[in-house]
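What follows is a single structure, written as structure tokens, with notes after it.
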Protein chains: 2
Amino acid sequence: MSLRHALLAALAQGEASGYELAKRFDVGVANFWSATPQQLYRDLERLEQDGLVSARVVEQTRRPNKRVFELTAEGRDELRAFGARPAKPPAMRDEFLVKLQAVDPGEPGAIIAAAAERIGRSREKLAGYDQMRERMLSGRDEDEYLRESEQVGPYLTLMAGRMYEQMNIRWATTVIETLTNRQATASG
Amino acid sequence: MSLRHALLAALAQGEASGYELAKRFDVGVANFWSATPQQLYRDLERLEQDGLVSARVVEQTRRPNKRVFELTAEGRDELRAFGARPAKPPAMRDEFLVKLQAVDPGEPGAIIAAAAERIGRSREKLAGYDQMRERMLSGRDEDEYLRESEQVGPYLTLMAGRMYEQMNIRWATTVIETLTNRQATASG
DNA sequence: AACTCCATGTAACATGTTACATGATTCG
DNA sequence: CGAATCATGTAACATGTTACATGGAGTT
């Protein structure tokens, strides 16, 4: 698939260093794509070789120097062309669902704990997204923002992330309820 | 990550051939993991070499023979062990979100069309899931089913898939509304 | 003194994708 | 008669993950 284009899209919001991008992709501000830092460094290298981004070293006194990447005109063109091509269907890889699918009816303990952890993670992500949202809106209400702002893309993808985490919390809650009820009843 | 375990979990529901599994993974009955047929054939091969599944050839007269795979005792053990280990956070790869993130404010046409297509795909998947659900419930209501049936895992993962597609439809609808409104207003 | 954050990378390995190949049968 | 379905695979290539390495600055 195409981390390359996800990187170009991220850089369309403004220049950034590999490290900064890594945080976004890892922590999940870019909630629609995941990647490890190593992948980013490698692909940024390639994007630069292909002339889609340009790098420049920013010297820092109290911290290690960093390489800041920026879209080139070619990069912008490629991003535009990518936007016009049909999108592949989304791909999911969710280990927890695999575990749940095959959960042993006798021992749901581990799964219940995992579901609780998942709710915790989702709440954290949601809190992060909500903060971001406040920062984007900065006082205005949603309708106003959606009419006025230049770029609505980042807001709409953020909403996708929020809805996803909200759904997760609701869903995982019913999973816990279901499994604990069955444990209590124990009418096997 | 681990397609291997997704395969073991799928086979925990009963034996199947590579082709049958491929359909499930491709079409998305296994909505929590995606894989191409080639990957399945390769990984089934390895699982067999590792003794986690066993294969036997079923001769067919009017169709090509098929190899039907079944979990071994070792496979079941591995699946149980896997269930007890902590799960990795879910990974998403969504090209449409990448495109939307960087959508050109001037030309949202392609994105609006893509959003409409996505709604269509989600509706189809949802219809498939709903059918599956009817088949699972077979007359009973949900509460009854969740108390009585041996295996609740497949039902709960199916619910995750349904909720995900429902969310997609709602979200993509607001995306279309937002982008068309801005296009109409054209107050840039 | 130990730990986390900043910042970047190499190398080895594991997974996932695409293109190609085969061949009978059933459906329209 | 052409397309779709059943059924399995090989080979080449692209992506993604894990382990390891470095080193100063700030924090507990």
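Chain letters run A, B, ... following the sequence lines, proteins first and then strands; every chain starts at 1. These numbers come from the heavy atoms of this one structure, side chains and all, not from hydrogens, waters or symmetry mates.
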Checklist entry - Nearest to the side chain of A/Lys66, which nucleotide is it out of C/dA7, C/dC6, D/dC6? => result C/dA7
Checklist entry - Looking only at atom types and distance, does a side-chain atom of A/Arg135 sit under 3.5 Å from a main-chain N or O of A/Asp130, one as donor and one as acceptor? => result no
Next on the checklist: Enumerate the ring pair (Phe, Tyr, Trp, His ring centres under 6.0 Å) contacts for residues 35-91 of chain A, please, sequence neighbours excluded, ordered by first and then second residue.
Outcome noted: A/His5-A/Phe82
Next on the checklist: Check the phosphate of D/dA14 against A/Arg46, side-chain N and O only, distance under 4.0 Å to OP1 or OP2. Yes or no?
Outcome noted: no
Next on the checklist: Between A/Arg63 and D/dG23, is there a contact of a side-chain N or O with OP1 or OP2 at under 4.0 Å?
Outcome noted: no
Next on the checklist: According to side chain to side chain donor-acceptor pair (under 3.5 Å), does anything in residues 103-119 of chain B pair up with another residue at least two apart or in another chain? List the pairs.
Outcome noted: B/Asp94-B/Arg118, B/Arg118-B/Asn168
Checklist entry - Distance-only, no hydrogens or angles: does the B/Trp171 side chain make a donor-acceptor pair with backbone N or O of A/Thr157 under 3.5 Å? => result no
Checklist entry - How long is the line joining NE2 of A/His5 and P of D/dT15, in whole Å? => result 10 Å
Checklist outcome for this item: By nearest-heavy-atom nucleotide on DNA chain D, the more 5' of A/Pro64 and B/Pro64 is B/Pro64
Next on the checklist: Just the rounded figure in Å: distance from C1' of C/dT17 to CH2 of B/Trp33.
Outcome noted: 16 Å
Item to check | Value in whole Å for how far the C1' atom of C/dT15 lies from CZ of B/Phe25 | outcome: 14 Å
Checklist entry - Does B/Tyr41 have a side-chain nitrogen or oxygen under 4.0 Å from the phosphate oxygens OP1 or OP2 of D/dG9? => result no
Checklist entry - Can you tell which of D/dT8, C/dG23, C/dG16 lies closest to the side chain of B/Ser17? => result D/dT8
Item to check | Side chain of B/Gln39 (C-beta onward), nearest among C/dT17, C/dA7, C/dT26 | outcome: C/dT17
Item to check | Any B/Gln38 side-chain N or O less than 4.0 Å from OP1/OP2 of C/dG16 | outcome: no
Checklist entry - Can you find a pair of side-chain heavy atoms, one from A/Met159 and one from B/Thr174, that are under 4.5 Å apart? => result no
Checklist outcome for this item: Of the listed C/dG16, D/dT8, C/dC6, the closest approach to the B/Arg67 side chain comes from D/dT8
Next on the checklist: Using whole Å, what does the distance between atom P of nucleotide D/dA25 and atom CD of A/Gln60 come to?
Outcome noted: 13 Å
Next on the checklist: Between P on C/dT15 and CD on A/Glu95, what's the gap in Å once rounded to a whole number?
Outcome noted: 11 Å
Checklist entry - Counting just side-chain N and O atoms, does A/Lys88 come under 4.0 Å of either OP1 or OP2 of C/dT18? => result yes
Item to check | Along DNA chain D (nearest heavy atom to each residue), the more 5'-positioned of A/Asp43 and A/Thr61 | outcome: A/Asp43
Checklist entry - For A/Val68 and A/Arg42, take the nucleotide of DNA chain C holding the closest heavy atom to each; which residue's nucleotide lies nearer the 5' end? => result A/Val68
Next on the checklist: With a 4.0 Å limit, can you tell me whether A/Tyr19 has a side-chain N or O closer than that to the phosphate oxygens OP1/OP2 of C/dC6?
Outcome noted: yes
Checklist entry - A/Leu21 has an atom CG; how far is it from atom P of C/dG9, in whole Å? => result 13 Å
